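Not measured: the values here are computed from a predicted model. Hydrogens, waters and symmetry mates are skipped; everything else that's a heavy atom, side chains included, is used. Indexing begins at 1, ligand by ligand and atom by atom, following the structure's order.
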Amino acid sequence: MYFSAARTRQYVDELVQLLSKSPELLDDVDVFIIPDHITLTSVVAQLKRTKILTGAQDAFYEDSGAYTGEVSPQVLAEVGCRIIELGHAERRRIFGETDEDAAKKAAAAARNGMIPLVCIGERTQGQVTIAVEECRSQVEAVMAAVPDDTEVILAYEPVWAIGAKEPAGAEYVVNVVRDIRTLDCVQRRKGITRILYGGSAGPGLFEKLKGGLDGLFLGRFGHDPAQFYKTLQEIASA
Ligand SMILES: O=C[C@H](O)COP(=O)(O)O
């Protein structure tokens with residue numbers, strides 16, 4: 001909810017314009033934009049001739065029925081949404097979303113042919129082992145709910161690093177993610193599991209994380225299309 005509808009339209013236009021100068025970037029890096037629900041269909045239309053995927057910031061776990069006010073994953077898939085973000089720290093904190101809710105939403109995304117993008121992360125800054133334990137239950141709940149052969153994206157976002165001045169330390173992030181990759185529920189999957197880092201991520205970060213992370217999940221520091229593009233160039237060259 002940082003952007004107006006007009007700002008979203010302008011942002012996507014500017015980004016598409018920047019990427020048109022070096023379309024080869026999209027051969028090496030998968031890019032997605034996750035706008036609000038209201039602008040999602042117009043973003044799908046704006047991105048139609050590009051390889052950039054559009055995602056939704058949330059969806060309900062049932063496909064249809066008497067759930068007034070909720071957003072159907074089936075309808076999202078129908079209009080061209082390719083990714084469902086779920087379990088964001090703000091959804092968990094403000095709206096009481098649980099691991100069980102996140103798991104049901106992940107299953108709904110997979111059932112409708114979309115990629116679940118599951119936000120995980122510890123609430124308090126501390127030790128790697130404690131962070132991994134907090135993430136473990138978040139990851140296990142989701143992995144138990146989606147078919148083994150579907151793609152899953154995990155967005156590792158330490159809650160304390162969201163909305164901060166700087167991201168979490170690179171060594172800390174790489175160590176937490178290394179241990180998340182070794183969890184049984186991740187190891188035994190046949191589908192792709194990608195792990196991104198989010199939480200004050202921006203230009204200059206991926207170089208420090210590239211040994212252990214598959215990508216970045218940008219918030220505020222991607223709100224300027226030029227900064228988003230710069231980050232994308234850094235990831236492509238890494
Ligand atoms: O959804 C985005 C993440 O919560 C990160 O936000 P941020 O980069 O503005 O801290």
Number the atoms of ligand 1 from 1 as they appear, then name those within less than 4.0 Å of a heavy atom of [X], with their elements.
X	answer
His88	1 (O), 2 (C), 3 (C), 4 (O)
Arg220	7 (P), 8 (O), 9 (O), 10 (O)
Gly219	6 (O), 7 (P), 8 (O), 9 (O)

Side-chain touch Phe217/Ile34, heavy atoms, less than 4.5 angstrom: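 Result yes, sub-4.5 Å side-chain heavy-atom pair found.
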
Polar proximity ligand 1 side, Glu157 side, N/O cut 3.5 Å exclusive: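 The answer is yes, given that Glu157 and ligand 1 share an N or O pair closer than 3.5 Å.
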
Distance-only polar pair, side chains of Arg220 and Ser200, donor-acceptor under 3.5 Å: yes

Thr182 and Asp179: side chain donor to acceptor below 3.5 Å: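 No - no donor-acceptor pair under 3.5 Å links their side chains.
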
Residue Ile94 excluded, over 12 heavy atoms near CD1 under 6.0 Å: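 Yes, CD1 of Ile94 has more than 12 neighbouring heavy atoms, counting only those of other groups under 6.0 Å.
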
Between His223 and Tyr2, ring centroids under 6.0 Å: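 Yes: the rings meet the under 6.0 Å criterion.
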
Identity and distance of the protein heavy atom lying nearest atom 10 (O) of ligand 1: Gly163 N, 2.7 Å

Closest approach of any protein heavy atom to atom 8 (O) of ligand 1, naming residue and atom: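 Answer, as residue, atom name and distance: Ser200 N, 3.0 Å.
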
